[in-house]
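Keep in mind it's a predicted model, so treat the numbers as computed, not measured. All ligand and atom numbering here is 1-based and tracks the order in the structure.
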Amino acid sequence: MKVFVTGVGGQLGHDVINELVKRGHACVGSDLAPEYSGISDGTAVTTAPYVQLDITDSQAVSRVIEETAPDVIIHCAAWTAVDLAEDEDKIAKVRAINVGGTENIARACRKIDAKMIYLSTDYVFNGQGTTPWEPDCKDYQPLNVYGKTKLDGELAVSSLLEKYFIVRIAWVFGANGNNFIKTMLNVGKTHGTLRVVNDQIGTPTYTFDLAVLLCDMAESSKYGYYHATNEGGYISWYDFTKEIFRQAVELGHTEYSEDRLTVLPVTTAEYGLSKAARPFNSRLDKSKLAANGFSPLPTWQDALHRYLMQYPF
Ligand SMILES: NC(=O)c1ccc[n+]([C@@H]2O[C@H](COP(=O)([O-])OP(=O)(O)OC[C@H]3O[C@@H](n4cnc5c(N)ncnc54)[C@H](OP(=O)(O)O)[C@@H]3O)[C@@H](O)[C@H]2O)c1
């Protein structure tokens with residue numbers, strides 16, 4: 001199987017290429033930069049075939065995809081800076097990447113009859129209530145520009161293709177890029193007290209684990225909408241932070257112990273306004289994965305442990 005992956009300079013694309021190579025699939029990675037620009041960790045992605053591609057350039061997309069002729073495209077590239085996306089002068093660009101770019105990829109898939117895997121987000125929902133969102137729920141009501149554009153990307157994929165997976169994920173962390181864990185470990189070193197939101201509820205997604213699932217999907221034809229985060233239960237950002245520091249202390253980093261560092265739970269309102277509104281209820285129902293024969297991801301606690309062990313801090 002030959003797989004084309006967009007966004008390999010980001011968190012998820014990096015791990016997807018590594019998983020594809022591990023399985024012996026031919027793959028080509030792409031991103032905006034002239035050459036692979038992620039971390040130099042010596043993994044397969046750093047030397048795998050790579051092509052520079054701006055997904056907003058429709059002609060370049062169709063040329064590169066037709067030349068590459070993949071069986072599957074795993075589309076990880078996106079504008080992901082949620083607050084910046086709210087700026088008046090950025091909205092057109094965010095839309096061009098998340099909607100126009102996705103549409104270009106979907107059209108190219110249609111032309112060569114390739115499967116497409118599109119990564120989306122819990123932000124397509126309004127975050128009301130406490131019931132986990134089911135993957136086939138159509139009650140879309142994004143609260144911010146990023147969510148709206150990711151939803152319109154979904155609609156482009158579903159209207160142009162039949163052989164597609166739309167996989168919604170949330171609270172992503174991976175080795176290649178900035179993430180919440182790195183931020184907390186950094187600010188935990190320089191602050192005695194941290195205030196962390198405890199009324200936004202969801203589950204983290206470790207890109208290393210998600211990459212395994214996406215490759216399983218690429219090898220299958222069980223198309224449709226899916227939700228995929230790690231298992232281990234729904235938590236708040238506050239709960240996540242407490243567990244990050246608990247595991248860090250367990251690994252010998254006593255600078256994060258409770259007698260040195262206090263973590264205070266605060267509401268979103270107490271924390272103060274961010275530019276983009278965020279959903280309170282980001283619980284994603286993942287039961288469709290097992291129902292369709294896919295293995296659920298490991299627990300987020302286990303994922304966090306492996307991440308902290310692998311990437312010393
Ligand atoms: N991160 C999360 O918490 C989260 C949550 C839910 C869903 N998702 C979705 O999951 C997917 C993967 O996310 P991620 O965290 O791996 O994203 P990421 O780390 O931000 O990587 C995205 C990559 O896409 C590239 N890109 C941006 N514009 C492009 C363009 N015009 N042409 C080609 N490449 C372009 C970016 O390059 P530059 O860095 O140079 O712009 C970056 O390397 C995305 O679809 C995202 O929407 C992410």
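For ligand 1, the polar-atom distance check finds no N/O of D122 at less than 3.5 Å from any of the ligand's N/O atoms. The shortest N or O to N or O distance between T121 and ligand 1 is not under 3.5 Å. For a threshold of 3.5 Å applied to N or O pairs, the pair formed by L12 and ligand 1 contains at least one separation below that value. Looking at ligand 1, you won't find any N or O of N176 less than 3.5 Å from one of its N or O atoms. Annotation: G7 places no N or O atom under 3.5 Å from an N or O atom of ligand 1; distance criterion only. Considering both main-chain and side-chain atoms, W79 never comes within under 3.5 Å of ligand 1 through any nitrogen or oxygen pair. Close N/O approach between T56 and ligand 1 is not found [any backbone or side-chain N/O within under 3.5 Å].
By the rule that hydrophobic residues join a cluster once side-chain heavy atoms approach within less than 4.5 Å of another member, V212 and V5 end up as members of separate clusters.
With a 4.0 Å cut-off on non-hydrogen atoms, F180 does not touch ligand 1 at all. Only the side chain of I97 comes within 4.0 Å of ligand 1, judged by heavy-atom distances.
Formation of a donor-acceptor pair under 3.5 Å by the W79 side chain with backbone atoms of A81 is found in this model. Between the side chain of K2 and the main chain of H25, no donor-acceptor pair closer than 3.5 Å is present. A donor-acceptor pair under 3.5 Å is formed between the side chain of N186 and the backbone N or O of K182. Checked by atom type and distance alone, the side chain of T68 never pairs as donor or acceptor with a backbone atom of P70 at under 3.5 Å.
In this structure, S120 has a heavy atom closer than 4.0 Å to ligand 1. Note on ligand 1: C76 sits in its first shell, one or more heavy atoms being nearer than 4.0 Å. By the 4.0 Å heavy-atom criterion, L32 is counted among the residues contacting ligand 1. Note on ligand 1: Y118 sits outside its first shell, no heavy atom being nearer than 4.0 Å.
For atom 39 (O) of ligand 1, no protein heavy-atom neighbour is found at a distance under 4.0 Å.
A cation-pi geometry, defined here as NZ or CZ lying under 6.0 Å from the six-membered ring centre and within 45° of its normal, does not hold between K189 and F313.
Using modelled atom types and a 3.5 Å distance limit, the side chains of T299 and D302 yield no donor-acceptor pair.
Pairs passing the ring pair (Phe, Tyr, Trp, His ring centres under 6.0 Å) check and including a residue from residues 153-182, sequence neighbours excluded, read F165-Y223, W171-W237, F173-Y206, F173-Y307, F180-W237, F180-F240.
Looking at residues two or more places apart in sequence or on another chain, you find no side chain to side chain donor-acceptor pair (under 3.5 Å) involving T205.
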